[in-house]
Structure formats: C-alpha cells, structure tokens
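Numbering starts at 1 and runs along the sequence shown. FYI, side chains are in, hydrogens and waters are out, and symmetry mates aren't considered; it's all heavy atoms of this structure. This is a predicted model, so every value here is computed, not measured.
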Amino acid sequence: MGLAAVVGVSAAALGLTRLVPPLRSADESFRDVAIAYFTPPAPQHPGIVLVTLGEDLFATLACRSPVDRGFLADLVGTLEAAGVRAIGLDILFDQPTLPALDERLRQRIQRATVPVVAITALGDTPLTEEQRRYLGRFLDGIPHGHANLAKDRLDGTVRWHVPRGPDGLPSFPARLAQVAGGGAGEAAIPAEPFRIDWHARPSLDASPFPAYPADMVGLLPRGWLAGRIAVVGTVLVGVDQHRTPLSVAGLSTPGVEIQAHALAQILDGRTSRDLSFGGVVALVLALSAAGVALAAAGWPVWLLVPASLLGLLALWAAALALFAQGGPLVAMMAPSAAWLGGIAVMTAHLSLKERSDRRSLMQLFANHVSQPVADEIWRERATFLAGGRPRPQELTATVFFSDIEGFTTVCEALEPEPLILWLEGYLDAMVRVVAAHDGIVLRFIGDAILAVFGAPVARTTQAEIDADAERAVRCAIQMGRELRELNKRWQAEGLPAIGIRVGIHTGPLVAGSLGGLRHMEYSLLGDTANTAARLEALGKTVDMRSSPHCRIVIGEPTWTAVQGTVAGLPVGEMALKGKRKAVRAWLVLDREGEGEGVRPAAEAGE
C-alpha cells in the first residue's frame, strides 16, 4: 500500500500541477517570485547594449509615431561608427512617413557594414492589409525576425520564447544572434520554444544590460559600444510594456529588454535554470515517500498537521535558498502536492483501515461489551490483531457459560412470536449485565450465553487474571438478581418464570477468529471452555441454589481467585463428561438479597 500510495500520489502531483490551471498558475507565480527576489546577482551582460527611445527623445523629434525615420537612419550610422557588432531595430515599420526619409533609412540599413535586423509580425498580429503590404515592401532585402512575445494564457505573463514562428520565420532575437555570428548559420536558432532564463542584475536598482538613451549614443566613449550587439527600442510607459517574472519586483518590462534577455540566452547557449524533469520526478517520489512515512508513523492529528505545515515551509525555504545560491529553480507545487498528498493519502488509508479494523473487531466483540472494554480492545489491538483479524494467541481467561433451566417446557408453552419476544427480552437483560461487568458475549447458542472475561487482550499478571474471575462470578450473581425482577414482571404478564445455571472456569486457552470474510467468529479453544460448559451442566445435579433463580458452579481455579470475596460451598470432586481428571467444583452463594437465601432445589419450587 505504501508503494502504491507513493506512485499514485507522485503521478497525480506531476499531472495535476501541469493540467489544472490554478495549480499551474501557482507554480508559475512561485517561479516569478524566486526569479524577481532570489536570483543571485551577476554583472551586466557584456555582449548586449540597449539603445532606448524614451519620452525625452520623442519630445524633440519631428515625428513621434511612426518614429522619425531620419533620426533612425542617423542612429544606425552612429552605432556603425561606434563599432557595434550588430544592430537590432525593435521598431515595426508598418506605416509610411515622408518617402524620402523612409528610403533613406532603408538605404542606410542595406548599406551598413554591420548586420542590421528589423522586426516583423506574425499572422495573428492585428494589422491591416495595407500595413502588411507596406511592412513587406520595407523589409524587402533586410534581415528580419518576428517580435511576437509568447504570453501565458492564464495571466498574460511572458515566460517563454518561441524561436521560430509557425511558418518557420526566426524570431527577432534568434535572427539577430544568427547574423551576429552567434552560431554556425541556422544551427544557432533553437528548434523548440524555451523558457527564458532571465539574465541577472548586478543589484536591484541596476539593469541586466547597459542601457543608453538613443540621443546620447554619439557622446559615449567608443569602448562602451564596440563589439556589442545594440538593440534599439522604445521605453515608453504603456507602450510595448509587458508583464514578466521581473515585473513582480517593479513595473512592467519593456519589450526591447525582453528581446535582449532572449538574445543573451541564445548567445550564451544557456538553458532554463529549472530543475530537470527527471530531477523533479525524483524529488516528487522522494517527498511522496517521506509524506507516506510521516503519516505511517502514527502521529496524532494535532501533531501531524503542524509537522506537515512546518515541513512544507522548510521545503519552500530550501528551494529558494538553493536558487539564491546559484542552484536550479525548483517549482514547488508538484513537490508540495507530493508531500501533502503522501501524508493525506496514507492518513486516509490508515483511517479507513482503522475503521475497517474497528468494524471487524466490533463485529466480533463490541455488540456485547461495555465501552471501556471496547476502548481497551481498540487501544491494545496491536497486541493481538494481524491482517484485520485477531491472530491466534494463548492466554489465561475466565469462560462463562449460562443456560435456562427447563427451556424446552417454556418453548412448548408459548407460541413462536411470544417465545422470540420473551427470549429477546431475557437475552438483552443478561447481555447488559455481562457488559456492565466488562465481559464479552461471544455468541448465543439457543438460550445459552457464552461469554469470556480477559480476552482478547491477554492478561500479564495474576492479579489481572483474578480480577477477571471475580468479575465473571459477580456477573453471574447479578444475573440471578436481575432474573428475580424479570420473573416478577413475566408472572404479572402471564409468562413463565425461569431459573438459570451458570458454569464458570478460569484457565489457559487458545483464542482466535475462525471463518472467512463472509462469516467470522471469535472462538475459544481448549479445556477451559469445555470445562465451563460441563460445570454449567453439572448444576443440574446440585441440590442447592446460589439464589432463588440461579445456580452458579465454578471450577477450582476460579474459586481460588475469588475466595474471600464471595461465599461458596464445595460441591466436591466430580468427573465431568469428556474429562479424564476429576474437577473440584464450588457452588457460589449470594448472601445478599431479601433474605430468601440459598435453598435446596425442592424448596425453591423445582
């Protein structure tokens, strides 16, 4: 069951955290927080520089939207002269301005001595047909790549990069890395979408990449730009701004910076710092097993719940600490689900098993036992229960066997329905007496009652064994007193009065369950149980009564345990049917009552 729980919980944790939107969203949110606040600092990327078009610049330009093409042509020339490695224009040329300026920019790009890459848009970008035709004409003969960002459908956050569009067109960063010599031709472009490994910042108030206003580029020292890829784009509030994991710590991220992160990752050949799928599977299996083991330890709920929560907090803290130290980023929803799921599943299993075991025990015992005895049986179940049923065990107990005197005559005197109702009333009253004395009624054999005192929890001391014997004898005495009241009521109702015989014997026996799943009984095997039945039958030959309506005959071991606490008379050594050795028997006397005392059978109306 433990292995099945581990495998099942692990599979569920891995599947649900990928398929259930709230769980996947929580997983991504944890990643975002880790990236924003716990990424270890690193120097600015040495191969990329951002050239930004901000609000101050646009205030001086003759044309704000579309961006002044003459200024852009001059900017390309300035960057070329500064010795940049390549230029990326994250500006969409989908609308014309002054034809002369548009052509000037095209010529400047085409004649540049360094690669210049422009952006285009995929088919799902909302552009008019005229915009698409103009964009195609402008980019004719100019290297370009799509600038579309992959946004999560759940929260619109950019976390992945798609290096090729549906038609095979490279993305803007992939095309830029390709023409800038980031790899051997087409091999430089990744084949599959990848999770962006966001380049770290030197500090919280610094940018991951050097960034300079476009109108200041001509004033910068040549060494600040030479040999780097310059990515040009706007940094206007509300324009080309997107939510990313970095946005948790501040404002939305400009599109040009997102493109730079993807470009840096391609250039560096880095992959996401996420723990590999194999590592996640191993961690999930381990935490599921740990959760199952914790629940299997059997801690009480008041201790298990805080331990589970503290363990969960420790896992999250450890994951963040690992990432902060430069280790892999562990998305914690699947491991957390495995930890809590392992605890929950095993707890539920143990609870169901406990209910099943309790139900099995109750079917064997609890219908006819007092609550303290039922509690003791359940509390000590580990000492005698195996495989959901009592295992055979040797123990010393007191067996109680009672029978109704003249029951055949009663059967002949009553119709079936009144007979059953009368017998049910009798058995119910006697069972209550047995339960009140902490005995266990094992079964009814017609009108006879078989009970045991001292099982199924084995007694370990002689004092406990003697206490069971005393309870059995006092139970028999009380049954006689109870019967006196029952007889008075029955006689008033025109029903027959009865007497009972009780045989009690203490000694070793083998106890265990017999039968299968459909019918199982707790049985007593051995000489002690047989002797109790023979002592009850011996009561037929005893002239005296224990009380007006009851004869109680007990064996020598039981008398040894109770002498001094109850009165009795020796019956003598008698050879009982089925026994090779004679057994000394005693008749218990009920000295209390209304003075009716113990009388010979003839005087009692027998």
Once side-chain hydrogen bond (donor to acceptor under 3.5 Å, both in side chains) is applied, what residue pairs with a partner in residues 222-237 remain, sequence neighbours excluded?
none
State which residues pass salt bridge (Lys or Arg N to Asp or Glu O under 4.0 Å) with Arg270; sequence neighbours excluded, sorted by chain then number.
Asp197, Asp268
Would you call Arg195 and Glu28 a salt bridge, using N to O less than 4.0 angstrom?
yes
Exactly one candidate in Ile87, Leu72, Leu139, Ile142 meets side-chain contact (heavy atoms from CB on, under 4.5 Å) with Ile109; the answer is Ile142
Please examine the side chains of Val67 and Phe58, heavy atoms only from C-beta on, and report whether any two atoms are closer than 4.5 Å.
yes
Charged tip of Arg69 within 45° of Phe138 ring normal and under 6.0 Å
yes
Side chains of Gln178 and Arg175, donor plus acceptor under 3.5 Å:
yes
4.5 Å side-chain heavy-atom contact, Leu263 and Val231
yes
Should the pair Asp152-Arg243 be classified as a salt bridge under the 4.0 Å nitrogen-to-oxygen rule?
no
Whether the Asp155 and Ser25 side chains hold a donor-acceptor pair (N or O, under 3.5 Å, no angle test) is what I'd like checked.
no
Any idea how His161 and His146 line up, ring-wise: parallel (<30°), tilted (30 to 60°), or perpendicular (>60°)?
parallel
Report yes if the side chains of Ile48 and Leu267 come closer than 4.5 Å at any heavy-atom pair, otherwise no.
yes
